[in-house]
Chemist: 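My questions all concern the structure below.
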Amino acid sequence: MNVKELNAVAKAMVGKGKGILAADESSPTIKKRFDGIGAASTEENRRRYREMLFTAKGAEAYIGGVILYDETIRQSTSKGVPFPKYLNDLGMIAGIKVDTGAKALAGFPGELITEGLDGLRDRLKEYYGMGARFAKWRAVINIGKDIPSEFCLRANAHALARYAALCQEAQIVPIVEPEVIMDGDHSIGRCEEVTAAALDAVFAELQAHRVALEGIVLKPNMVISATKAPKRAGPEEVAKATLRCLKAHVPAEVPGIAFLSGGQTAEEATLHLSLMNRMGKLPWELSFSYGRALQAPALEAWHGKEGQFAAGQKALYKRAKLNSLAHLGKYESAMEADAA
Ligand code: 13P
């Protein structure tokens, strides 16, 4: 393992106002997104949609990495250039989702454990050969009555750490993603408490597994009220609580933190990121690794129609640019009107 090189890749993914485009929806998930716009989830439609995102002119100035799915990393542009090569040539580092999904945790109703460790060493070797230089593994933590259990946090942290160690052995930067889910009616305070416990469990296991923190990117949720909370916290409070939690629970050796959007609207996710980056100097890069918050407007503009391919690209470009400004703490809501 070459930690220096891992650190350089991590910094390139989220440094200099750049962030990550999460385009690694599994086939069932992308089908759900396509159902929403009435498009058929055929292999060619999925390829064309990803091509639309990846070839949006100018977006490479704002996107340092793109997370692909197993099907996507094997696909090519219409001109026959394999996606990972196309992206890497433009400085958008190709990455790959390697977990195989969150399944019910036996004996713990309502809780999930992420699978995908079996055969991972060989898969990482193959993905590296295809051009992937980072990977992603998402752990899912639900909040509810009496959950999450300490056991669930530990089991998920253990899996994340085993994954991260295997990635670094393969010279691949692991994105470590413990996602505390926004569903439910819990308060922002409860989210902060659970996020803190999840991060503590993750860093304890990473250390036990001898993972080099300089060679990872952390992908956390923001500390935020649940979607159905009776009184939802405003943007300033979300930004403050999230920073307080991260400063207390994420070691300074971690080069970059890239948030997931988790169901926030595109504008909310951008505003929250910008507010945090305006709150003084931070030990790590604080950036984005959004899926829905980058793609939803593009998906809507495209609507599965070839004639709206360019409109979809424009929408993606706009979100990439605004989130880049947010990474620099320079985004204002007023920019929404004229950023295209
Ligand atoms: P969202 O930004 O849509 O939450 O997706 C990010 C991601 O990669 C989740 O694993």
Side-chain angles (χ1 to χ4, degrees), residues 13-14 19-34 36-37 49-50 53 62-73 92-103 112-116 132 134-143 156 159-160 163-164 167 173-184 191 195 198 202 216-224 226-227 238 242 256-273 286-300 315-316 319-320 322-324 326-327:
M13 288 159 65
V14 293
I20 298 164
L21 166 63
D24 59 323
E25 296 83 3
S26 63
S27 298
T29 302
I30 197 74
K31 180 177 183 310
K32 249 195 280 173
R33 306 272 189 267
F34 278 17
I37 55 162
Y49 173 64
R50 265 69 180 246
L53 300 175
Y62 312 120
I63 293 175
V66 177
I67 318 176
L68 305 170
Y69 180 59
D70 182 75
E71 177 185 273
T72 323
I73 198 171
M92 296 187 279
I93 302 170
I96 180 77
K97 167 196 179 76
V98 299
D99 68 69
T100 56
K103 310 285 159 60
L112 302 170
I113 181 75
T114 301
E115 297 187 345
F134 72 92
K136 178 190 116 171
W137 178 290
R138 172 175 175 255
V140 177
I141 310 297
N142 286 322
I143 297 184
N156 275 290
L160 272 168
Y163 140 83
C167 283
V173 172
I175 291 186
V176 174
E177 179 179 8
E179 175 172 5
V180 176
I181 299 292
M182 236 169 112
D183 296 347
C191 177
T195 302
V202 164
I216 74 162
V217 169
L218 178 72
K219 177 163 173 168
N221 52 283
M222 292 184 196
V223 172
I224 193 166
T227 25
V238 169
T242 304
I257 297 178
F259 291 107
L260 58 95
S261 60
Q264 299 181 44
T265 65
E267 291 81 3
E268 275 170 351
T270 308
L271 178 61
H272 288 150
L273 179 63
L286 198 61
S287 187
F288 58 92
S289 174
Y290 296 154
R292 284 161 288 178
L294 276 171
Q295 292 185 50
L299 184 69
E300 187 54 37
L316 189 272
R319 292 266 49 99
L322 292 180
N323 280 304
S324 169
H327 178 0

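Just so you know, ligand 1 is whichever comes first in the structure, and atom 1 is the first atom listed for that ligand.
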Chemist: Between R319 and T270, do the side chains contain an N or O donor and an N or O acceptor separated by less than 3.5 Å?
Modeler: yes
Chemist: Kindly determine whether T72 and D24 satisfy side-chain hydrogen bond (donor to acceptor under 3.5 Å, both in side chains), including the steps that lead there.
Modeler: CA-CA 8 Å; T72 323; D24 59 323; over 6 Å; no
Chemist: With a 4.0 Å cut-off on N to O distance, would you call K136 and D99 a salt bridge?
Modeler: no
Chemist: With the threshold set at 4.0 Å, does a side-chain nitrogen-carboxylate oxygen contact exist between E25 and R50?
Modeler: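 So E25 pairs with R50 through a salt bridge.
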Chemist: Under the side-chain hydrogen bond (donor to acceptor under 3.5 Å, both in side chains) criterion, do Q295 and Y49 qualify, and how do the steps go?
Modeler: CA-CA 10 Å; Q295 292 185 50; Y49 173 64; 2.7 Å; yes
Chemist: Please check: side-chain N/O of S289 versus main-chain N/O of A258, any donor-acceptor pairing under 3.5 Å?
Modeler: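 Side chain of S289 to backbone of A258, a donor-acceptor pair under 3.5 Å: no, none is there.
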Chemist: Run through ligand 1 for me and note each protein residue having a heavy atom under 4.0 Å from it, chain first, then residue number.
Modeler: A22, D24, K136, R138, E177, K219, L260, S261, G262, S289, Y290, G291, R292
